[in-house]
**Q** 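Please see the structure below; I have some questions.
Remember, predicted model here, so these are calculated numbers, not experimental data. In listed order, ligands and their atoms are each counted from 1.
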Amino acid sequence: MNLKVVTLFANMFSAFINEGVVGRAFQNHLASISFLNPRDYADNAYGQIDDRPYGGGPGMVMQAGPLNQCIEAASKGCSETYYNIYLSPRGRLLEQQVIDELSEKKNILLLCGRYEGVDERLIAHQQMDEISIGDYVLSGGEPAAMVLIDALVRQLPGVLGHTESVGQDSFIAGLLDCPHFTRPECVLGQKVPKVLLSGDHQRIDNWRQAQSLWATKRRRPDLFAKIELSAEQQQLMQRIPEYSVAPEE
Ligand code: ADE
C-alpha cells in the first residue's frame with residue numbers, strides 16, 4: 001500500500017512512522033508513505049494557501065487551487081490512480097468496516113485540513129471520500145490521518161506476526177475483545193480466572209468467546225443488538241458467567 005499525506009505539518013508524523021508496528025511496516029517496505037506540503041504549490045511568494053471565508057465569519061479556509069495542484073502532483077507519474085480521502089468531522093464515521101474497505105486500495109492519499117477546513121469545491125472536484133474519526137473537532141486532520149493509517153497498516157499482510165494476529169481483534173467479528181491476563185497469577189488483590197490456567201484449549205476458547213459476548217452486551221449494547229447470535233453463542237452465554245474479579249485468598 002502506498003500512502004501520500006498532504007499536510008502543513010509533516011513533522012507531526014515523524015515518531016509515528018518510525019516506531020512500533022507501523023514503523024516496522026514502513027521499514028520492512030510492506031507499505032510506503034510520503035508527504036506533500038501544499039505551501040509548495042502556493043501562487044504567492046509567502047507560501048500562503050488560506051484566505052478568509054466568503055460570507056464572513058471566523059477563521060481561514062484552505063484554498064482549492066494550491067491543494068488541487070498538490071493532489072494532482074501526488075499522482076503524477078504514477079500508473080495507478082490514488083484514492084483521495086479528506087479527514088474531516090463532517091465525514092462518514094471511521095469504523096472497522098471502513099478500514100476493511102480501504103485496505104483493498106493500493107494507493108491512498110490523505111488530505112489533512114487545518115483552520116476552518118478546505119474550500120468545498122476541492123472536495124467535489126477531487127471526489128474525495130470524507131472520513132471522520134469521531135464526533136468531536138480536532139485542530140487539524142493530522143491526528144485523524146494517523147489513526148486511519150495505523151488501523152490500515154496493522155492489517156496489511158505480514159505486518160503483524162501470528163502472535164499478534166488481526167483475527168483476534170475487537171470488532172473483527174463485530175464483538176469486543178475478551179479480557180487479557182498475564183503473570184503473576186495473583187496481583188492487586190485479584191486472581192487470574194482459573195480456566196486460563198487449565199491448559200484445556202477448547203474450554204479457554206469457549207470462555208474467551210463468552211467474555212467477548214458479555215463485554216459487548218454490557219459495554220456496547222448498540223453493537224450487541226446488531227449481532228445475530230448462533231445457538232452455540234447463546235449456549236455459551238448461558239453456561240459461562242460474565243467475568244468478575246476473583247479476590248486473592
Ligand atoms: N479534523 C478535525 N476533526 C476531525 C475529526 N473528528 N475527524 C477527522 N478529521 C478531523
**Q** Between ligand 1 and the protein, find all N/O pairs closer than 3.5 Å and give the distance for each.
**A**
from, atom 1, to, atom 2, distance (Å)
ligand 1, 3 (N), L138, N, 3.0
ligand 1, 6 (N), G134, O, 3.1
ligand 1, 6 (N), Y136, O, 2.8
ligand 1, 7 (N), I133, N, 3.0
ligand 1, 9 (N), S88, N, 3.1

**Q** Are Q209 and D205 close enough that a side-chain donor and a side-chain acceptor fall under 3.5 Å?
**A** no

**Q** Check whether any side-chain heavy atom of K4 lies under 4.5 Å from a side-chain heavy atom of I71, and answer yes or no.
**A**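 Result no, sub-4.5 Å side-chain heavy-atom pair not found.
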
**Q** Quick check: closest heavy atoms across Q233 and L229, and the distance to 0.1 Å?
**A**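 It is OE1-CA, 3.5 Å.
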
**Q** With ring pair (Phe, Tyr, Trp, His ring centres under 6.0 Å) as the rule and sequence neighbours excluded, what pairs involving residues 6-44 come up?
**A**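 Matches after skipping sequence neighbours: F13-F35.
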
**Q** Can you list every pair that meets side chain to side chain donor-acceptor pair (under 3.5 Å) and has a residue in residues 219-228, with sequence neighbours left out?
**A** R220-D222

**Q** Applying side chain to side chain donor-acceptor pair (under 3.5 Å), which residue pairs with at least one partner in residues 125-152 are found, sequence neighbours left out?
**A** T7-E142, N68-Q126, E72-Q126, Y83-D129, N84-Q126, S88-E130, R92-D129, R114-E142

